[in-house]
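Working notes, beginning with the structure itself.
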Amino acid sequence: MSKLLVDQLSHPQRVRILYKTILRLHRGLPDELKDLGDKYVKDEFRRHLKCNPMEAQLFMTEWAKYAVTISKQLGIRGKPLGTIGDDLDKETVEMLNDDQTVQLYELMLAAKGIEGDVITKEDVTK
(Lines give C-alpha, C1' and ligand atoms only; values in the text may rest on other atoms or scores of the structure.)
Protein backbone atom coordinates (compact mmCIF):
# COMPACT_ATOMS: atom_id res chain seq x y z
CA MET A 1 0.00 0.00 0.00
CA SER A 2 1.48 3.35 -0.97
CA LYS A 3 2.33 6.01 1.59
CA LEU A 4 -0.22 8.34 0.03
CA LEU A 5 -3.04 5.84 0.51
CA VAL A 6 -2.01 5.03 4.08
CA ASP A 7 -2.00 8.73 4.97
CA GLN A 8 -5.61 8.99 3.80
CA LEU A 9 -6.80 6.21 6.12
CA SER A 10 -8.31 6.97 9.51
CA HIS A 11 -6.56 5.66 12.63
CA PRO A 12 -9.12 2.86 13.14
CA GLN A 13 -8.62 1.77 9.53
CA ARG A 14 -4.82 1.63 10.00
CA VAL A 15 -5.25 -0.38 13.20
CA ARG A 16 -7.59 -2.83 11.46
CA ILE A 17 -5.18 -3.30 8.52
CA LEU A 18 -2.23 -3.95 10.86
CA TYR A 19 -4.29 -6.35 12.98
CA LYS A 20 -5.47 -8.37 9.97
CA THR A 21 -1.97 -8.36 8.46
CA ILE A 22 -0.51 -9.84 11.64
CA LEU A 23 -3.19 -12.55 11.81
CA ARG A 24 -2.52 -13.41 8.15
CA LEU A 25 1.22 -13.62 8.82
CA HIS A 26 0.55 -15.97 11.73
CA ARG A 27 -0.92 -18.49 9.27
CA GLY A 28 2.67 -19.35 8.32
CA LEU A 29 3.69 -20.14 11.90
CA PRO A 30 3.68 -23.64 13.40
CA ASP A 31 0.23 -24.42 14.85
CA GLU A 32 1.21 -23.99 18.50
CA LEU A 33 2.86 -20.61 17.81
CA LYS A 34 -0.05 -19.53 15.61
CA ASP A 35 -2.59 -20.24 18.35
CA LEU A 36 -0.51 -18.52 21.02
CA GLY A 37 0.28 -15.56 18.75
CA ASP A 38 -3.32 -15.08 17.64
CA LYS A 39 -4.59 -15.07 21.22
CA TYR A 40 -1.88 -12.64 22.28
CA VAL A 41 -2.48 -10.25 19.37
CA LYS A 42 -6.25 -10.25 19.91
CA ASP A 43 -5.79 -9.56 23.62
CA GLU A 44 -3.26 -6.77 23.06
CA PHE A 45 -5.32 -4.99 20.42
CA ARG A 46 -8.40 -5.27 22.64
CA ARG A 47 -6.50 -3.85 25.63
CA HIS A 48 -5.38 -0.82 23.66
CA LEU A 49 -8.74 0.18 22.21
CA LYS A 50 -8.99 3.25 24.41
CA CYS A 51 -5.35 4.20 24.99
CA ASN A 52 -4.13 7.78 24.66
CA PRO A 53 -2.69 9.01 21.32
CA MET A 54 0.95 8.77 22.44
CA GLU A 55 0.51 5.15 23.57
CA ALA A 56 -1.40 4.39 20.36
CA GLN A 57 1.49 5.66 18.22
CA LEU A 58 4.03 3.58 20.16
CA PHE A 59 1.71 0.56 20.04
CA MET A 60 1.27 0.82 16.26
CA THR A 61 5.01 1.33 15.69
CA GLU A 62 6.01 -1.71 17.73
CA TRP A 63 3.37 -3.97 16.16
CA ALA A 64 4.37 -2.77 12.68
CA LYS A 65 8.00 -3.68 13.49
CA TYR A 66 6.77 -7.09 14.64
CA ALA A 67 4.87 -7.59 11.37
CA VAL A 68 7.98 -6.69 9.34
CA THR A 69 10.15 -9.05 11.40
CA ILE A 70 7.73 -11.96 11.04
CA SER A 71 7.31 -11.35 7.32
CA LYS A 72 11.09 -11.49 6.86
CA GLN A 73 11.33 -14.69 8.92
CA LEU A 74 8.54 -16.40 7.00
CA GLY A 75 9.70 -15.46 3.52
CA ILE A 76 7.63 -15.26 0.35
CA ARG A 77 5.94 -18.63 0.70
CA GLY A 78 4.88 -18.02 4.31
CA LYS A 79 6.97 -20.86 5.73
CA PRO A 80 9.61 -20.33 8.42
CA LEU A 81 13.07 -19.73 6.94
CA GLY A 82 14.87 -20.46 10.19
CA THR A 83 14.39 -19.18 13.70
CA ILE A 84 11.09 -17.45 14.44
CA GLY A 85 11.16 -14.45 16.74
CA ASP A 86 13.89 -12.25 18.11
CA ASP A 87 15.61 -11.90 21.47
CA LEU A 88 14.79 -8.87 23.59
CA ASP A 89 17.75 -6.70 24.43
CA LYS A 90 18.49 -5.84 28.05
CA GLU A 91 17.54 -2.15 27.64
CA THR A 92 14.10 -3.04 26.30
CA VAL A 93 13.41 -5.42 29.19
CA GLU A 94 14.52 -2.80 31.73
CA MET A 95 12.05 -0.27 30.26
CA LEU A 96 9.04 -2.55 30.90
CA ASN A 97 6.67 -1.62 33.71
CA ASP A 98 5.55 -4.21 36.28
CA ASP A 99 2.43 -5.23 34.35
CA GLN A 100 4.44 -5.69 31.15
CA THR A 101 7.06 -7.76 32.98
CA VAL A 102 4.37 -10.06 34.37
CA GLN A 103 2.77 -10.33 30.93
CA LEU A 104 6.12 -11.14 29.28
CA TYR A 105 6.82 -13.82 31.89
CA GLU A 106 3.39 -15.40 31.42
CA LEU A 107 3.88 -15.33 27.65
CA MET A 108 7.21 -17.13 28.06
CA LEU A 109 5.53 -19.78 30.22
CA ALA A 110 2.78 -20.27 27.64
CA ALA A 111 5.32 -20.50 24.82
CA LYS A 112 7.25 -23.16 26.73
CA GLY A 113 4.06 -25.03 27.62
CA ILE A 114 4.48 -24.54 31.37
CA GLU A 115 1.13 -24.35 33.16
CA GLY A 116 0.23 -23.15 36.62
CA ASP A 117 3.30 -20.99 37.28
CA VAL A 118 1.69 -17.56 37.20
CA ILE A 119 3.08 -14.54 39.02
CA THR A 120 1.12 -11.50 40.09
CA LYS A 121 1.96 -7.82 40.20
CA GLU A 122 2.50 -8.18 43.96
CA ASP A 123 5.20 -10.79 43.31
CA VAL A 124 7.11 -8.32 41.16
CA THR A 125 6.92 -5.42 43.62
CA LYS A 126 8.11 -7.42 46.66
Side-chain angles (χ1 to χ4, degrees):
M1 193 174 290
S2 74
K3 174 86 169 123
L4 184 60
L5 288 175
V6 171
D7 288 342
Q8 294 174 352
L9 297 174
S10 68
H11 177 72
Q13 289 172 318
R14 283 186 235 149
V15 171
R16 194 172 305 113
I17 288 170
L18 180 59
Y19 176 75
K20 288 183 176 189
T21 299
I22 291 169
L23 292 178
R24 270 191 224 104
L25 286 167
H26 282 182
R27 293 178 190 164
L29 296 174
D31 288 340
E32 55 279 350
L33 286 179
K34 179 191 177 311
D35 293 341
L36 179 65
D38 286 354
K39 288 175 187 172
Y40 186 75
V41 169
K42 289 173 185 177
D43 183 54
E44 278 297 292
F45 275 74
R46 195 174 300 119
R47 284 186 201 204
H48 287 83
L49 280 174
K50 302 208 188 281
C51 63
N52 68 49
M54 190 174 86
E55 288 174 331
Q57 182 60 43
L58 181 60
F59 179 84
M60 291 293 289
T61 300
E62 292 303 315
W63 278 104
K65 286 180 188 176
Y66 169 79
V68 168
T69 299
I70 291 297
S71 66
K72 287 178 183 176
Q73 293 174 351
L74 292 177
I76 296 171
R77 297 192 187 274
K79 298 295 178 197
L81 299 173
T83 304
I84 298 291
D86 221 354
D87 291 334
L88 291 174
D89 59 67
K90 186 176 180 179
E91 292 79 29
T92 302
V93 174
E94 289 175 355
M95 288 176 31
L96 299 176
N97 64 35
D98 290 345
D99 289 334
Q100 291 168 325
T101 303
V102 169
Q103 188 177 11
L104 182 62
Y105 180 75
E106 289 174 350
L107 182 62
M108 180 211 53
L109 293 175
K112 291 184 175 187
I114 302 170
E115 294 183 29
D117 190 10
V118 177
I119 59 172
T120 64
K121 186 175 181 179
E122 290 76 35
D123 293 330
V124 175
T125 56
K126 285 183 182 177

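All residue numbers in this chain count up from 1 along the given sequence.
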Walk me through whether Lys34 and Asp38 qualify under salt bridge (Lys or Arg N to Asp or Glu O under 4.0 Å).
CA-CA 6 Å; Lys34 179 191 177 311; Asp38 286 354; 2.7 Å; yes
One thing to verify: whether Lys39 and Asp35 come together as a salt bridge, which I'm taking to mean a side-chain N less than 4.0 angstrom from a carboxylate O.
no
Value for CG (Leu58) from NE2 (His48), rounded to nearest 0.5 Å, stands at 8.5 Å
Checklist entry - Aromatic rings Tyr66 and Trp63: how do their planes relate, parallel, tilted or perpendicular, breaks at 30° and 60°? => result perpendicular
CD1 (Ile17) and CG (Leu9) are apart, to the nearest 0.5 Å, by 4.5 Å
* Does the side-chain contact (heavy atoms from CB on, under 4.5 Å) test come out yes or no for Met54 and Gln57, once each step is laid out? -> CA-CA 5 Å; Met54 190 174 86; Gln57 182 60 43; 5.9 Å; no
Interatomic distance, CE@Met60 vs OH@Tyr19, rounded to 0.5 Å, equals 13.0 Å
CD (Gln100) and CE (Met95) are apart, to the nearest 0.5 Å, by 8.5 Å
Between the CG atom in Asp99 and the CZ atom in Arg47, the distance rounded to the nearest 0.5 Å is 8.0 Å
On a heavy-atom basis, the closest approach of Leu25 and Ala67 is CD1-O, 3.4 Å
Practice problem: Any chance you could lay out the side-chain contact (heavy atoms from CB on, under 4.5 Å) test for Gln103 and Tyr40, step after step, and finish with the verdict? | Solution: CA-CA 10 Å; Gln103 188 177 11; Tyr40 186 75; 3.4 Å; yes
**Request:** May I ask you to test the Ile22-His26 pair for a side-chain heavy-atom distance under 4.5 Å?
**Result:** yes
Rounded to the nearest 0.5 Å, the CG atom of Leu29 sits from the CD atom of Gln73 at a distance of 9.0 Å
